[in-house]
Amino acid sequence: METRIAVLSIIVEDKEQTAQLNDMIHEYSEYVVGRMGIPYREKGISIISLVMDAPQNVISTLSGRIGRLRGVTSRATYAKV
């Protein structure tokens, strides 16, 4: 199956969702190339960049599930290659 490279940009405004978010990411760990998290304490948010190499439907599914969490936003950006 053809895979795509994507970066999921995730902004967490509700810290109570962190455990559920981490569980979701763990479910898809076979597709995760790397993860970077930045706590922005001054604004009370966390920013996560999640690099994935996966079929497009897998990336879209994870991004959608994350985006349905209260106080969490997720967007996917795809590489052209």
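Numbering of residues begins at 1 and proceeds along the displayed sequence.
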Identified side chain to side chain contact (heavy atoms under 4.5 Å, CB included) partner of I66 from the options I10, I48, T61, V12:
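Output: one option passes, namely I10.
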
What I'd like to find out is whether the side chain of L50 reaches to under 4.5 Å of the side chain of V7, using heavy atoms alone.
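A side-chain contact under 4.5 Å is absent here.
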
For a quick test of your reading: what N or O donor-acceptor pairs under 3.5 Å do the side chains of residues 51-58 make, sequence neighbours left out?
{"unit_1": "D53", "atom_1": "OD1", "unit_2": "T3", "atom_2": "OG1", "d": "2.7"}
{"unit_1": "Q56", "atom_1": "OE1", "unit_2": "R4", "atom_2": "NH1", "d": "2.8"}

Listing, residues 33-45 side-chain donor-acceptor contacts under 3.5 Å, not counting sequence neighbours, or none:
{"unit_1": "R35", "atom_1": "NH1", "unit_2": "N22", "atom_2": "OD1", "d": "3.3"}
{"unit_1": "R35", "atom_1": "NH2", "unit_2": "N22", "atom_2": "OD1", "d": "2.7"}

Shared ILVMFWY cluster between L8 and Y31, side chains joined below 4.5 angstrom?
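They do share one cluster, since a chain of ILVMFWY contacts under 4.5 Å joins L8 to Y31.
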
For residues 67-81, which side-chain donor-acceptor pairs fall under 3.5 Å, sequence neighbours excluded?
{"unit_1": "R68", "atom_1": "NH1", "unit_2": "G64", "atom_2": "O", "d": "3.4"}
{"unit_1": "R70", "atom_1": "NE", "unit_2": "D14", "atom_2": "OD2", "d": "2.9"}
{"unit_1": "R70", "atom_1": "NH2", "unit_2": "D14", "atom_2": "OD2", "d": "2.8"}
{"unit_1": "S74", "atom_1": "OG", "unit_2": "S63", "atom_2": "OG", "d": "3.0"}
{"unit_1": "Y78", "atom_1": "OH", "unit_2": "S60", "atom_2": "OG", "d": "3.4"}

